[in-house]
Amino acid sequence: QVQLVESGGGLVQAGGSLRLSCAASGRIFSPYGMGWFRQVPGKEREFVGGISWNADRTYYADSVKGRFTISRNNAKNTGYLQMNSLKPEDTAVYYCAAQFGIVTIPARVPSLYNYWGQGTQVTVSS
């Protein structure tokens, strides 16, 4: 079993920044790609971005490109989502997820991920 624990959410004014962390622990026996998603009530979970298993490639949704940066430290089994220039429409619960395997292009489809964090609320006020 693998556990993903997110931290770093909160309330921020428009234009501000937040950094989310996602710490993985447990029976991690293989490489994994990491994805970040977000969800608002009544809507489907939305792909925000992802990073390959060895951190050499990142991918972003058009809505966050240029504002968000994904990184990871495999020695610490921790991933990060740096969010800058936040907008009220970025308000959502943010989730990290692990897609096991030598993943070079993290999936944009939630069902392809093996493990999920509990989610952390990000609220951007106008």
Side-chain angles (χ1 to χ4, degrees):
Q1 191 73 4
V2 174
Q3 295 81 40
L4 300 178
V5 178
E6 296 139 356
S7 59
L11 173 65
V12 65
Q13 288 188 331
S17 299
L18 281 175
R19 188 195 197 204
L20 306 184
S21 299
C22 175
S25 62
R27 301 172 65 86
I28 302 172
F29 294 127
S30 68
Y32 57 94
M34 181 174 285
W36 288 90
F37 291 78
R38 65 187 182 187
Q39 190 169 23
V40 297
K43 292 192 175 181
E44 293 186 352
R45 198 161 291 190
E46 174 191 20
F47 176 78
V48 173
I51 188 166
S52 61
W53 71 279
N54 61 352
D56 70 342
R57 298 183 185 182
T58 53
Y59 300 87
Y60 301 93
D62 289 343
S63 58
V64 306
K65 202 172 292 182
R67 299 187 298 122
F68 290 11
T69 303
I70 294 172
S71 60
R72 66 189 295 172
N73 182 332
N74 283 346
K76 295 183 178 180
N77 275 323
T78 301
Y80 306 96
L81 176 63
Q82 176 68 44
M83 305 183 292
N84 298 329
S85 302
L86 282 161
K87 305 175 181 180
E89 51 263 44
D90 294 318
T91 296
V93 176
Y94 283 71
Y95 299 89
C96 64
Q99 181 186 3
F100 274 78
I102 301 180
V103 175
T104 55
I105 303 176
R108 295 175 178 254
V109 179
S111 61
L112 295 180
Y113 285 81
N114 305 101
Y115 295 97
W116 290 83
Q118 81 285 2
T120 185
Q121 177 70 45
V122 171
T123 302
V124 184
S125 63
S126 58

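Note that the structure is a prediction, hence the values are computed from the model and not measured. The first residue of the sequence shown is numbered 1, and numbering continues consecutively from there.
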Asker: Fit a plane to each ring of Y95 and W116, take the angle between them on a 0 to 90° scale, and name the class: parallel (under 30°), tilted (30 to 60°) or perpendicular (over 60°).
Answerer: perpendicular
Asker: Can you list the steps and then say if Y115 with F100 is a ring-ring contact (aromatic ring centres under 6.0 Å, His included)?
Answerer: CA-CA 9 Å; Y115 295 97; F100 274 78; 5.8 Å; yes
Asker: Is V12 reachable from V48 through a run of hydrophobic residues whose side-chain heavy atoms are each under 4.5 Å from the next?
Answerer: yes
Asker: Same hydrophobic cluster for F47 and M34, using side-chain heavy-atom links shorter than 4.5 Å among ILVMFWY?
Answerer: no
Asker: Treating Ile, Leu, Val, Met, Phe, Trp and Tyr as nodes and any side-chain heavy-atom pair under 4.5 angstrom as an edge, say whether I70 and V103 lie in one connected cluster.
Answerer: no
Asker: Taking all non-hydrogen atoms of both residues, which atom of Y60 and which atom of R108 are closest, and how far apart?
Answerer: O-NH2, 3.7 Å
Asker: Hey, is D62 close enough to K65 for a salt bridge, meaning N to O under 4.0 Å?
Answerer: yes
Asker: Quick one: does R57's side chain have a donor or acceptor within less than 3.5 Å of a partner on W53's backbone?
Answerer: no
Asker: Going by distance alone, is a donor N or O of one side chain under 3.5 Å from an acceptor N or O of the other, for Q121 and T123?
Answerer: yes
Asker: Considering all heavy atoms of both residues, which atom of P88 and which atom of S126 are nearest to each other, and what is their separation?
Answerer: CG-CB, 3.8 Å
Asker: Do you know the tightest heavy-atom contact between I28 and V2?
Answerer: CG1-CG2, 4.1 Å
Asker: Could you go through the side chain to side chain contact (heavy atoms under 4.5 Å, CB included) check for V122 and M83 one step at a time?
Answerer: CA-CA 10 Å; V122 171; M83 305 183 292; 3.8 Å; yes
Asker: What are the two closest non-hydrogen atoms of S52 and D56, and how far apart are they?
Answerer: OG-OD1, 2.9 Å
Asker: Between atom OH of Y59 and atom OG1 of T104, what is the distance when rounded to the nearest 0.5 Å?
Answerer: 6.0 Å
Asker: Which atom pair, heavy atoms only, marks the closest approach of I105 to Q99?
Answerer: O-OE1, 4.4 Å
Asker: On a heavy-atom basis, which atom in Y32 and which in A98 lie closest, and how many Å separate them?
Answerer: CD1-CB, 3.8 Å
Asker: Given R38, which partner from the list E89, E46, E44 fulfils the salt bridge (charged side-chain N to carboxylate O under 4.0 Å, His left out) test?
Answerer: E46
Asker: Within a strict 4.5 Å, meaning less than it, do heavy atoms of the F68 and N84 side chains meet?
Answerer: no
Asker: For the residue pair N73 and T78, confirm or rule out a side-chain donor-acceptor distance under 3.5 Å.
Answerer: no
Asker: Tell me whether the centres of the aromatic rings in Y113 and F37 are closer together than 6.0 Å.
Answerer: yes
Asker: Is any side-chain heavy atom of S71 less than 4.5 Å from a side-chain heavy atom of Q82?
Answerer: no
Asker: Give, for atom CZ of R72 and atom CG of N74, the distance between the pair rounded to the nearest 0.5 Å.
Answerer: 4.0 Å
Asker: Backbone N or O of C96 within a donor-acceptor pair of the E6 side chain at under 3.5 Å?
Answerer: yes
Asker: Do V93 and Q118 touch side chain to side chain, with heavy atoms closer than 4.5 Å?
Answerer: no
